[in-house]
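Any value given below was found using the heavy atoms of this structure, including those in side chains, with hydrogens, waters and symmetry copies removed. Quantities reported herein were computed from a predicted structural model and do not represent experimental measurements. So you know, we letter chains A, B, ... as the sequences are listed, proteins then strands, and number each from 1.
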Amino acid sequence: MAKQIQSPLPGTFYRKPAPEEPNFIEDGASIAVGDTIGLVEVMKTFHEVKAETAGDNARFQAENEAPVMAGAVLVEMD
Amino acid sequence: MSVKVIKPGLLTTVQDLGRPGYFHLGIPMGGAMDRLALRAGNMLVGNDEDAAALEAVFMGPELAFEADAVVAVTGAEMPIFVDDEEQQGWTAFEIKAGQVLSFGFLKSGARAYIAISGGIDTPPALGSRSTYAIGALGGVNGRAIAAEDVLPLGQAGTSKTGATVPPELRRGPGSPAELRVLPGLYWHRITEAAQEHFFEDDWTVAPEADRMGYRFRNGRPLEFVEREQPFGAGSDPSNIVDGCYPYGSVQVPGGTEPIVLHRDAVSGGGYFMIGTVISADMDLIGQLQPHVPVKFVKVDMDTALDARHERAAQIDAMRAALR
């Protein structure tokens with residue numbers, strides 16, 4: 001089964017640190033433990049989502065600026 | 001008699017029923033966003049209803065208990081664990097010294113109340129333990145709890161493990177959540193069309209929503225009745241000569257995104273208010289997640305007062321059920 005990273009919070013998901021900057025992690029890339037994979041914005045603050053497991057071939061399930069619920073799958077990887 | 005914070009969650013604060021009486025000085029009442037859930041939690045663990053508990057928004061903390069206690073978690077639904085054993089919400093359960101209370105992902109609602117027998121015994125400020133973070137008042141040194149904090153507990157009363165709030169008395173918002181609004185003093189400032197479409201439109205909770213105010217978006221902008229702005233009012237048509245802001249008042253800066261002022265509200269300012277969310281529905285706002293749909297429903301004073309009585313009766317029924 002594919003490994004998953006879920007959103008710990010409800011809010012708005014961002015794949016990049018700022019609008020003009022590149023994505024934290026590109027689709028297809030590998031993810032290491034502790035990597036920031038995106039931000040969730042809620043209550044006027046941005047929370048970094050960090051990987052607690054490593055994996056390869058990242059496949060993002062949530063789009064940039066998408067509303068997410070707590071527990072929503074943000075990325076799948078092998 | 002204490003609890004040690006391992007992980008604080010997102011923004012977990014000590015809250016009781018607040019500190020009324022200082023709003024004229026700019027210090028809001030504060031206290032639990034969902035007062036009914038706080039009362040329920042305290043009843044379940046044998047505390048006075050106004051004892052202080054933890055309000056955890058969107059994400060639960062991880063707490064190590066240094067003494068035996070009875071705990072109840074009310075309000076938002078999230079899986080509750082004592083060590084690895086899952087517990088039921090709205091129900092009193094025992095936790096032993098050395099055990100750890102933790103939570104899974106939020107399932108519904110927004111704020112969970114963690115009531116502990118004896119109550120959180122941080123020092124009161126202006127008659128309340130509620131945390132008003134902007135004013136650095138109450139709670140743990142005026143802030144949200146942090147890892148390594150040790151939260152003192154008061155003297156426990158008597159409680160029954162397994163006591164539970166009957167499901168029909170647990171209140172949460174529906175979908176769309178319906179918030180009843182009584183039009184207010186500045187109602188005449190918007191056009192008849194705007195008065196209608198404010199209540200017709202589907203709004204969604206903005207992610208900025210917090211304890212000060214809940215912001216909504218995606219409805220149509222409000223059009224204002226033209227006038228020459230009076231002396232002392234700002235130039236935008238949504239400006240007024242500064243007025244008092246009631247709890248629950250709905251201001252609409254620029255006519256675009258309504259903001260319902262909540263427990264940590266500012267006490268006054270220069271935005272017109274379309275009306276006020278009725279007191280009976282304020283708790284529901286505290287359980288709204290970002291992006292959920294909301295409808296505003298226009299009511300009159302009689303309906304608002306009836307709803308207030310119904311809500312009081314619901315709390316009485318809870319007291320009777322848990323006696």
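With a 4.5 angstrom heavy-atom cutoff, B:Leu106 touches chain A via backbone and side-chain atoms both. Heavy-atom distances place the side chain of B:Gln289, and not its backbone, under 4.5 Å from chain A.
Looking only at distances, no side-chain donor or acceptor of B:Trp90 sits under 3.5 Å from a matching main-chain atom of B:Ala37. Using a distance-only test at 3.5 Å, with no hydrogens or angles considered, no donor-acceptor pair links the side chain of A:Asp78 to the main chain of A:Asn57. Within the 3.5 Å criterion, the main-chain N or O of A:Ile37 finds no donor-acceptor partner in the side chain of A:Asp35. Remark: the backbone N or O of B:Gly270 is paired with a side-chain donor or acceptor of B:Tyr245 at under 3.5 angstrom. No donor-acceptor pair under 3.5 Å is formed between the side chain of B:Ser238 and the backbone N or O of B:Asp236.
No close placement of the B:Trp203 and B:Tyr214 rings is indicated, their centers lying 6.0 Å or farther apart.
Here the shortest heavy-atom pairing between A:Val40 and A:Ser7 reads CG2-OG, 3.6 Å.
Of the listed residues (B:Pro207, B:Ala110, B:Ala209), the greatest number of heavy-atom pairs within a distance under 4.5 Å of chain A belongs to B:Pro207. Per-residue counts of heavy-atom pairs under 4.5 Å with chain B were compared for A:Met43, A:His47, A:Met69; the largest is that of A:Met43.
For the pairing with B:Ser130, the side chain to side chain donor-acceptor pair (under 3.5 Å) check across B:Asp16, B:Thr122, B:Asp264 returns one residue only, B:Asp16.
Residues of residues 8-20 of chain A lying within less than 4.5 angstrom of chain B, judged on heavy atoms, are A:Pro8, A:Leu9, A:Pro10, A:Gly11, A:Thr12 in numerical order.
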